[in-house]
Amino acid sequence: MRILVTGGAGFIGSHLIERLMKEQHEVICLDNFYTGTKSNISKWLGHANFEFIRHDITEPIRLEVDRIYHLACPASPVHYQANPIKTIKVSFLGTSNMLGLAKRVKARFLMASTSEVYGDPDIHPQPESYHGNVNPIGIRSCYDEGKRISETLSFDYHRQHGVEIRVARIFNTYGPRMLENDGRVVSNFIAQSLQEKSLTVYGDGSQTRSFCYVTDQVDGLMKLMDGDHTGPINIGNPEEYTILQLAEKVRDKIAPDREIIFKPLPQDDPKQRKPDITKAKTLLNWQPTVSLETGLTETIAEFRQRLGVPA
Ligand code: NAD
Ligand code: UDP
C-alpha cells in the first residue's frame, strides 16, 4: 500500500515509518521539521519505497495514497505553547486539509488524538465514553481543544462524506528519539540525570501519568488502522506512576546521588491520568508488552549515545 505519514520525521512517526518500511509498504513522509529531525528519517532517504516531502500541512497538498496516519502536530507543552495560534491552525486547518485529501482519494485516515481530550479528568481511569474536563481558555487549550476539534472534524467527514476514519487517543508515550529538550517528563528526567543536573519535579510530584513504550504505541496504532473500528480508542499503558516515583526510578537507573528539586506546577496540569484500555484489548486484541523498566533502559541507552555520555 502507499501510506502517508504526516509528522513522520517526529518521535512516534519515525518509529511508525520503521515498521511500515519493514512491511514493505510505499511510505511518504510529510513534515516541516518543526519538532521532527532529518536524522530520524535519514536511513530511508534514497530507498526506493520511501519519499520525503517537506511541507507545512496548514497548506493543502495533492497526493495519491491509500492510507494516512495523521500525526503532524507539535506534541510537547513547550512546543505547542511556543506558538499557540499555529498549534490551533495545525489542528484545524492541517487536519481539515488531510481529511480533504482522504476524501478525494478515498484513503483510510487515522487521527493521532490524545488523552489531553480528557483534560484534568474527574473520572479515573479514563474510558473513551468520558467527555472530559477541559479548560477552553487556558495555556493548554490550543492543544487540548485543537485535538478535540480534530476528532470532531474526523467524525463529521466520516458521517457527511463517508471517509473511513480511525481515531486513536494516545496516552503519554516515550522511547528513543524523543527530543532531549522537548520538556516532556521522561526526556527531561533522563537528560537531566545524564547531564549532571538536578531532576525538576513540578508541584509536589503526586500527579500521575501512565507511560507507554513507543514500539507498543506503534503496534496499537497499526492494529487500529488495520481493524474495523473507528474508535475513539485509548492506546496507552495502564500502569500508573506518580511523577515523583518516575523521577526516583530514572535517577536510580542513571545517577542515584542526583538531587530532585521541586518547581511550580504549570497551569491546568492534569492531576491523574491512566487509560482504560478495555476497548483496545477486546476490539483490537492489543495491550502493551514493554515494562517501564525495560523501556527506560532502552531509552536511556539511546540518550547516552546521542548525548555522548558513556555508560
Ligand atoms: P513530535 O513533535 O516528535 O512529532 C510531531 C511531528 O509533526 C514533528 O516531526 C513535526 O515537525 C511535525 N509537524 C508539526 N507541525 C507540522 C506542520 N504544520 N506541518 C508538517 N509537519 C508538522 O511528537 P510525537 O510525540 O511524535 O507526536 C506525534 C503525534 O502523536 C502528535 O499528533 C501528538 O499530538 C500525538 N500524541 C503524542 C503523545 C506522546 O506522548 N508522544 C501523546 C498524545 C498524542
Ligand atoms: N513534569 C515534571 N518535570 C518536568 C517535566 C514535566 O514534573 O521536567 C510533569 C508535568 O508537570 C506533568 C507530567 O510531568 O505533570 C507529565 O508532563 P509531560 O509534559 O511529559 O506530559 P503531559 O503533561 O502532557 O502529560
Side-chain angles (χ1 to χ4, degrees), residues 5-17 29-38 40-41 53-59 61 69-81 83 86-87 89-91 93-95 97-98 110-118 120 140 143-144 146-147 150 168-175 177-179 182-192 197-212 214 217-218 221 234-236 241-244 246-247 250 260-273 275:
V5 181
T6 76
F11 161 53
I12 299 177
S14 64
H15 285 275
L16 172 63
I17 286 179
C29 169
L30 203 67
D31 206 295
N32 69 348
F33 292 132
Y34 177 56
T35 51
T37 63
K38 282 184 192 156
N40 281 347
I41 48 158
I53 302 173
R54 186 173 189 147
H55 177 79
D56 184 325
I57 55 150
T58 58
E59 302 291 338
I61 187 165
Y69 284 91
H70 179 41
L71 275 65
C73 181
S76 82
V78 170
H79 290 120
Y80 73 63
Q81 288 167 18
N83 187 346
K86 177 75 184 189
T87 301
K89 286 184 180 170
V90 173
S91 302
L93 294 177
T95 302
N97 285 332
M98 293 306 115
L110 182 141
M111 173 68 217
S113 184
T114 170
S115 51
E116 293 285 331
V117 301
Y118 302 122
D120 186 7
R140 295 175 84 97
Y143 183 73
D144 300 6
K147 289 290 184 178
S150 297
R169 291 194 178 144
I170 300 175
F171 281 64
N172 297 65
T173 298
Y174 71 100
R177 298 192 206 134
M178 290 183 91
L179 288 180
D182 78 355
R184 284 188 269 196
V185 69
V186 174
S187 44
N188 264 11
F189 288 170
I190 293 177
Q192 289 163 343
K197 295 180 184 153
S198 302
L199 282 78
T200 53
V201 167
Y202 302 157
D204 62 5
S206 63
Q207 71 273 32
T208 68
R209 294 293 187 274
S210 311
F211 300 98
C212 184
V214 66
Q217 182 60 243
V218 164
L221 295 177
N234 292 336
I235 310 281
Y241 295 86
T242 68
I243 294 303
L244 187 56
L246 178 76
V250 172
I260 294 178
I261 57 170
F262 295 86
K263 297 223 163 171
L265 191 68
Q267 189 194 324
D268 292 334
D269 200 277
K271 285 183 275 306
Q272 52 181 2
R273 183 182 290 153

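Each ligand, and each atom within it, is numbered from 1 in the order the structure gives. Start at 1 with the first residue, then count along the sequence.
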Worksheet item: What orientation do H79 and Y34 show, parallel under 30°, tilted 30 to 60°, or perpendicular over 60°?
Response: perpendicular
Worksheet item: Does D56 pair with K86 as a salt bridge, N-O distance under 4.0 Å?
Response: yes
Worksheet item: According to the interplanar angle, ranging from 0 to 90°, do the rings of Y174 and F211 count as parallel (below 30°), tilted (30 to 60°) or perpendicular (above 60°)?
Response: perpendicular
Fill in: G10, G36, S187, C73: member with heavy atom nearest to atom 5 (C) of ligand 1
C73
Fill in: Heteroatom distance test (G8, ligand 1): nitrogen or oxygen, under 3.5 angstrom
no
Practice prompt. Of the side chain and backbone of K147, name the one, both, or neither that has a heavy atom under 4.0 Å from an atom of ligand 1.
Written response: side chain
Fill in: Closest to atom 33 (C) of ligand 1 among Y69, F211, Y143 (heavy-atom distance)
Y143
Discussion item. I need the atoms of ligand 1 closer than 4.0 Å to a non-hydrogen atom of D56, numbered in the order shown.
Written reply: 17 (C), 18 (N), 19 (N)
Worksheet entry | side-chain contact (heavy atoms from CB on, under 4.5 Å) assessment of I61 paired with L30 | CA-CA 10 Å; I61 187 165; L30 203 67; 3.9 Å; yes
Worksheet item: Is F33 touching ligand 1 with its side chain, its backbone, both, or neither, if touching means heavy atoms under 4.0 Å apart?
Response: backbone
Discussion item. I'd like to check the salt bridge (Lys or Arg N to Asp or Glu O under 4.0 Å) partners of K89; sequence neighbours left out, ordered by chain and number.
Written reply: none
Item to complete: Work out whether the distance between some heavy atom of G94 and some atom of ligand 1 is less than 4.0 Å.
Response: no
Fill in: Proximity flag H55 to ligand 1, non-hydrogen atoms under 4.0 Å
yes
Worksheet item: Which ligand 1 atoms are under 4.0 Å away from a heavy-atom of V90?
Response: 18 (N)
Worksheet entry | Numbered atoms of ligand 1 (with element) below 4.0 Å of G7, judged on heavy atoms | 6 (C), 7 (O), 9 (O), 12 (C)
Worksheet entry | Proximal ligand 1 atoms for N172, defined as those under 4.0 Å from one of its heavy atoms | 40 (O)
Worksheet item: Is the closest N or O pair between A72 and ligand 1 shorter than 3.5 Å?
Response: no
Worksheet item: Is there a heavy atom in S76 that sits closer than 4.0 Å to ligand 1?
Response: no
Worksheet item: Hey, is R184 touching ligand 1 through its side chain, its backbone, both or neither, going by heavy atoms under 4.0 Å?
Response: side chain
Worksheet item: Applying a strict 4.0 Å limit to heavy atoms, is Y80 in contact with ligand 1?
Response: no
Worksheet item: So is there a nitrogen or oxygen of D31 less than 3.5 Å from a nitrogen or oxygen in ligand 1?
Response: yes
Discussion item. Checking the N or O distance criterion of under 3.5 Å, is ligand 1 in contact with T173?
Written reply: yes
Worksheet, complete the sentence: Contacts for ligand 2, heavy atom under 4.0 Å, by chain and number, are P77, E116, R140, N172, G183, R184, V185, N188, F189, T200, V201, Y202, Q207, R209, I243, P266, D269, R273
